[in-house]
Structures are given as structure tokens and as C-alpha cells.
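So you know, we letter chains A, B, ... as the sequences are listed, proteins then strands, and number each from 1.
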There are 2 protein chains.
Amino acid sequence: MSKSPNGKSRASGRVTLASVAEHAGVATMTASRAISQPELVSPLLRERVEKAVEELGYVPNRAARALASSKSNVIVVLVPSLSNTVFTAVLQGIQDALDPHGYQILIGNTRYSDAEEEKLLNVYMQSNPDGILLSGLSHSKAVQKMLDTSRVPVVSMMDLSADPQQLSVGFSQTQAGHTMTRYLIDKGYKRIGFMAAQLDERTIKRAEGYRKAMDEAGLADPRLELMVADPSTIALGAELVGRMLSLVPDMDAIFCCNDDLAHGAIFQCQRRGISVPRQLAICGFNDLPASAWMNPSVTTIATPRYRVGYESATLLRSVIRGEAPAHTHVDLGFTVMARESA
Amino acid sequence: MSKSPNGKSRASGRVTLASVAEHAGVATMTASRAISQPELVSPLLRERVEKAVEELGYVPNRAARALASSKSNVIVVLVPSLSNTVFTAVLQGIQDALDPHGYQILIGNTRYSDAEEEKLLNVYMQSNPDGILLSGLSHSKAVQKMLDTSRVPVVSMMDLSADPQQLSVGFSQTQAGHTMTRYLIDKGYKRIGFMAAQLDERTIKRAEGYRKAMDEAGLADPRLELMVADPSTIALGAELVGRMLSLVPDMDAIFCCNDDLAHGAIFQCQRRGISVPRQLAICGFNDLPASAWMNPSVTTIATPRYRVGYESATLLRSVIRGEAPAHTHVDLGFTVMARESA
DNA sequence: CTGAAAGCGCTTACAG
DNA sequence: CTGAAAGCGCTTACAG
């Protein structure tokens with residue numbers, strides 16, 4: 001069938017563009033054009049190439065294309081977690097925005113670790129990405145340096161940057177924390193606890209918003225805060241609510257830094273016969289699907305995670321195309337979901 | 001610093017292996033070896049190369065490596081969903097098994113669609129993957145053909161194949177469905193409904209297991225089944241439990257094909273004042289974290305999803321290395337979690 | 001242990 | 001609209 005390669009050949013045995021061209025009776029580069037920029041090729045030749053592609057079952061070699069064009073069509077996405085629904089929704093948005101444009105998405109899970117982020121980025125830089133989507137605003141020195149020297153466009157997701165040079169898409173975590181706290185204060189709660197885990201950048205900022213609101217209302221009391229570095233889980237929320245109540249028995253509300261903790265806290269209250277919100281109000285953050293359905297339904301803050309992904313990817317695409325972005329910071333906002341639990 | 005390229009150059013400006021070699025005063029291929037197979041290079045030269053890499057900030061070009069070696073070090077993973085915790089756990093297992101070995105994982109989300117799976121695979125084949133991890137046993141003709149002609153090693157995840165040629169890691173979905181149903185029958189329930197959504201391959205098999213158990217017990221009744229193609233959500237479970245009860249008022253138990261549906265069904269019962277399990281027993285499938293904490297806690301089947309990912313990837317690695325696998329089917333089993341709801 | 005040359009499979013200026 | 005040649009940045013037999 002095909003000509004036998006010489007003894008030194010390292011050919012992979014796959015169908016190549018050259019064989020497609022030969023089959024179609026055109027030059028290799030005409031075949032290349034017919035595939036990548038068909039509008040530049042006459043209908044006749046284009047059709048012959050397309051036929052050859054079909055008949056031979058040609059699959060382009062992405063590595064060769066990337067090497068020759070020095071465009072990888074790869075977008076690197078780094079998220080801190082895959083088990084957290086928030087970030088899988090972000091990924092969905094990214095995929096939806098990028099898939100139609102032929103990008104290949106490299107997803108890295110940093111597990112909330114700066115060291116891991118650095119390691120992943122190091123590896124992914126080998127793929128010569130056209131753009132990078134990062135979670136959060138603050139990164140290690142080494143990561144910053146890699147990013148700076150590579151000159152690859154970067155968009156930061158989930159929060160809004162104060163630095164005009166840093167493109168960011170999300171909403172103000174601090175403000176969201178403040179708003180939720182303010183909601184509780186306005187409802188008349190006085191001894192409002194703050195329960196946090198993981199202690200990532202966003203949690204810290206929500207805590208700042210909480211403190212500011214408590215300060216403003218003259219309700220601040222450091223003993224009302226319980227912040228632990230363990231991963232956020234339902235089980236942890238169940239545990240922490242017990243600790244908080246025993247530390248501060250007159251607590252009348254708890255702002256959980258995310259819904260998982262809030263769910264665990266509510267389940268625990270149910271088991272202990274503590275009425276929510278009558279004896280203890282509990283609210284969360286993120287508006288996971290269960291929050292609307294639990295009993296009591298959970299007061300929380302709905303966050304535009306899918307849109308964060310979608311808009312981040314869209315902004316990144318425009319930068320890659322060399323366009324000057326209309327806005328360097330895209331504020332997608334958030335919404336208080338007032339329900340039964342607080 | 002570096003020699004200026006001639007006018008026709010398309011050089012990317014990145015530091016190359018050649019410049020590292022020059023800097024270290026060795027041949028390019030010695031520099032290559034010092035990086036990829038350091039044990040073949042004398043300590044002296046190796047050190048000089050390492051120093052040059054460090055000083056120049058060299059980042060290998062993965063595309064060039066892939067092209068030259070015809071080894072991509074890419075593993076393609078196709079899962080039907082990213083919002084389903086089950087598959088994110090599978091992905092975690094895969095990452096943990098593969099990351100230490102320098103593989104790059106390409107994650108594709110098929111959204112439970114054969115057409116989408118085909119499209120994704122088509123694109124991902126351009127990356128010349130060393131191996132492929134697929135969810136489920138049955139795939140479209142087009143996908144089968146791509147797989148066959150490419151000769152790339154494939155491992156199927158989540159279920160056990162009857163075909164000895166097809167490598168699979170998981171557990172018997174049919175048997176798990178049978179076991180859960182049998183558990184309910186043994187508990188004395190007679191009018192046991194089956195609530196299913198999505199209707200993917202695994203759901204269908206669990207339904208088969210359910211039917212078999214009901215048949216064996218002489219309890220079969222087609223009216224007990226409610227199967228809809230919508231995605232599984234808490235909201236859907238809440239809706240379907242109402243429909244099932246109005247269709248078959250004397251239903252005394254419901255086997256939900258996954259935990260999301262079960263949670264929704266339980267929340268709905270709480271709202272309607274239907275006591276679970278006293279008036280209606282409800283059980284789920286997968287043992288999501290909330291199942292242990294809800295009130296009532298949810299009887300369900302714990303599935304080894306993380307291990308499915310980990311063991312699938314491990315099996316794939318061994319095949320890629322050319323080893324004959326000890327077992328073509330790895331049965332990871334499942335566990336009934338008997339709790340309060342059934 | 002080290003190296004010169006060829007080659008992997010594409011695309012890119014350039015010319016016609 | 002079409003094409004011959006060079007080049008992208010690596011690794012691979014092969015030889016010494």
C-alpha cells in the first residue's frame with residue numbers, strides 16, 4: 001500500500017498530511033491549507049483533499065502542528081479542587097466558552113496548595129499554552145515569575161483584583177461576606193458567629209467582610225470566630241457547630257463560609273434538637289442545590305460560578321486574539337438567597 | 001546573547017535544548033540525555049547541563065518531544081459528567097495514579113452523549129494519546145472503530161465487561177441493583193418502587209438488577225418503575241416521589257438509582273409530612289457525603305469510585321508498558337450502607 | 001559515556 | 001490559487 005520507509009525511519013505508521021496530499025494529487029501545503037484555511041483553496045482541490053482525508057482516515061498530529069506554528073491551542077486551567085461543586089461549575093463554563101474554538105483545556109487540580117500550583121504550572125508550561133486561567137488573585141513568587149517571564153496571557157477567576165494590570169473575573173468576596181453578615185444583623189441577630197474551614201484566599205476575604213460588618217454594628221467579638229484549616233465538609237460543619245455553641249453558648253446565628261459547613265451544622269442541630277432558625281440561625285455561602293431543598297431551606301449567597309468560568313474564558317480568548325479588553329475587571333456580582341434557616 | 005536567527009526564522013524566542021547544550025558546552029543530544037535519562041550521562045556533564053537549565057530557565061517543549069519520540073505521554077479520560085461527584089472522585093483517583101509518572105491528562109466531558117463522546121475522542125486523538133480511559137462499556141460504532149484502528153490501549157471504567165478482550169475496572173452495576181433491592185425485600189417491603197433518571201448505561205443495569213430481584217421475590221409490577229431521561233438532581237427526586245406516590249399509593253419503599261434523587265425524595269417527604277422510613281422507605285445509590293448526615297440518614301450503596309479511577313489508571317499504565325495484565329477485569333465491589341431511611 | 005545527522009509531521013514566509 | 005523548501009525543537013538509531 002504505502003511506500004516502505006527506509007531502515008532509519010521512525011515513522012509512526014499513522015496517516016500523514018503528506019500521504020493525504022499524495023492521494024489527492026496536490027502539494028502538502030495545499031492539503032494543509034485545505035484543512036486549516038479552506039477558503040484559500042479552490043473548491044476543486046479542496047474537495048479532493050477532503051475526499052482523501054475521508055478515505056485515508058487522516059487524523060492531524062497536534063504536536064506537529066503546535067511545533068510548526070508555535071501555537072499550541074492549549075489553555076491551562078488551575079482550580080483548587082475538583083470535589084467542590086463550585087469549581088466544577090466554573091470548569092463547565094470554561095468548556096462551554098472554549099470548546100467551540102478548538103482549544104484543548106488542560107485542567108490542573110492544585111488542592112489548595114501553592115506548592116502544587118507551582119508544580120503543575122511548571123509541567124503545563126511545557127505545553128506552551130496560549131493562555132492561562134488561574135483561581136484567585138494571590139500566587140507564590142515562583143508562579144508569578146513563571147507567568148511574567150512566559151508572557152502568556154492570564155485571567156484570574158473568582159475575585160476582583162485591585163491591580164489594573166491583572167485581569168480578573170468574579171465578584172468581591174469581601175463584599176459578599178459583608179453583605180451576608182449585614183443581612184443577619186438586619187434580621188436582629190446579635191451574637192453572630194463565623195465558621196470557616198480550608199482558609200483559602202476567598203474564605204479569608206469573606207471573614208474580613210464579616211469582621212467589618214460586625215465592627216460597624218458594634219457587635220465584634222473575636223470569640224465568635226472559629227476558623228480551621230481542614231477541608232470543608234458536611235462532617236466538619238457538624239463538628240464545628242458543636243464546638244462553637246459550647247464556646248459561646250449565647251450565639252444566636254452562624255455565618256458558615258460555605259454551604260457544606262452550613263448543611264453539616266444544620267444536620268447536627270436537627271440531631272441535637274436545636275431548632276433552626278428559632279434557637280440558632282445558620283446561613284451558608286454558594287447556594288449549592290441542596291440548600292433550596294433542605295428543611296429548613298438554607299439562607300445563603302448565590303455565586304455566579306458558571307458565568308465566572310464562561311466570562312473568564314471569553315476574556316482570555318479576546319486577549320489571546322490581541323484585543324484590548326473593554327474591562328480588566330469583570331464584576332459578576334452575587335445574590336442573597338433569603339430562605340428559612342436565617 | 002544568543003545568535004540572531006536569519007530572516008526566515010520562525011523561532012519562538014523560548015530557550016531551547018540547543019542553547020542549553022551550547023551553554024553547557026555539550027552536544028544537544030547529551031543535553032537531551034542529561035534531562036531524560038541522566039543515568040546515561042557522566043556526573044560532570046550532567047551537572048553542567050543541569051546548571052545551564054537552571055541559569056537559562058529552560059522549559060522543555062512538549063510538542064517537540066512528542067513529535068520526535070512519537071510518545072505523547074498523554075492519557076485521555078472521558079467521563080459523562082463533571083458535576084456528578086462520582087466522576088470527580090474517579091478523576092481524583094486517576095490523577096493520583098498518573099501524576100507521579102509525568103502523564104498529561106486530557107479530561108473530556110461527554111455529558112452523557114454518544115455524539116459528544118465521538119466528537120471529543122476525535123479531537124483528542126489528534127494528541128496521539130498513549131492510552132484512553134473510558135466510562136462505561138458500550139460506545140457508538142464510530143467510537144469503537146476509532147479505538148480499534150488506533151490501537152491505543154483502552155480501559156473501561158465503572159462496570160465489568162463480559163468480553164475478555166475489553167479491559168474493565170469497576171463493579172457489577174446489575175448486581176449492585178439486585179443487592180439493594182434484595183436488601184429492601186429482606187426488610188419486609190413489598191411494594192418497592194424504582195426511581196431512575198438520566199438513563200445512562202449504569203442506571204439501566206441497576207434497573208435490570210432491581211427487576212431480577214423483584215421477579216425472584218414474586219413482587220414484580222411494571223407500575224412500580226418510574227424512569228425519566230432528565231439529569232439526576234435533588235429537584236427531580238423531589239418531583240418524582242410525588243408522582244410515584246400518586247401513581248401507586250400503596251408503595252412502601254423506593255429504590256432511587258442515585259443519592260441525588262434519594263435526597264430530593266426525602267426532602268419532599270419531610271415537607272409533605274410523610275415519615276421516612278415509617279410510611280415510605282427510601283434508599284439511594286453511591287453514598288454521597290450528605291447521606292450519612294441527613295435526618296434520616298440515607299441507606300445506600302457505597303461505590304469505590306476513587307479506587308475505580310486509581311486502579312483503572314494503574315491497569316492502563318501497565319498495558320502501556322507492554323505488560324500482560326494479571327486480570328482483564330478488576331472487580332472492586334460495593335457495600336450496602338444500612339442506615340435509617342430504609 | 002558522547003556526538004553528528006536525520007527525522008518526527010506539520011506550517012510559514014516567499015515566490016509565482 | 002498553488003507549491004518547493006526550510007524550519008519548529010526535540011529524540012533516535014548508529015557509530016565511536
Just the rounded figure in Å: distance from C1' of C:dT2 to CD of B:Gln37.
13 Å
Starting from P on C:dC10, measure out to NZ on A:Lys71 and report it in whole angstrom.
18 Å
Could you work out which one of C:dC10, D:dT12, C:dC8 sits closest to the side chain of B:Leu67?
C:dC8
Of the options D:dA4, D:dC10, C:dC10, whose atoms approach the side-chain atoms of B:Leu17 most closely?
D:dC10
Give one of base, sugar-phosphate or nothing for A:Arg33, where a contact means two heavy atoms less than 4.0 Å apart.
base
A:Arg65 atom CZ is separated from C:dT12 atom C1', nearest whole Å, by 14 Å
Across the strands shown, which category fits B:Ala64 at heavy-atom distances under 4.0 angstrom: base, sugar-phosphate, nothing?
base
Donor-acceptor contact below 3.5 Å, side chain A:Ser19 vs main chain A:Thr16
yes
What nucleotide, of C:dC1, C:dA13, D:dG7, holds the atom closest to the side chain of A:Ala68?
D:dG7
Base-pairing mate for D:dT2 - Watson-Crick or G-U, with both contacts under 3.5 Å
C:dA15
Map A:Thr28 and A:Glu39 onto DNA chain D by nearest heavy atom, then report which one ends up closer to the 5' terminus.
A:Glu39
Heavy-atom nearest nucleotide on DNA chain C for B:Met29 versus B:Leu40: which residue maps closer to 5'?
B:Leu40
NZ/NE/NH1/NH2 to OD/OE distance under 4.0 Å, B:Asp96 and A:Arg111:
yes
As a test of reading the structure: which of D:dT2, C:dT11, D:dA4 is closest to the side chain of A:Leu45, going by heavy atoms?
D:dT2
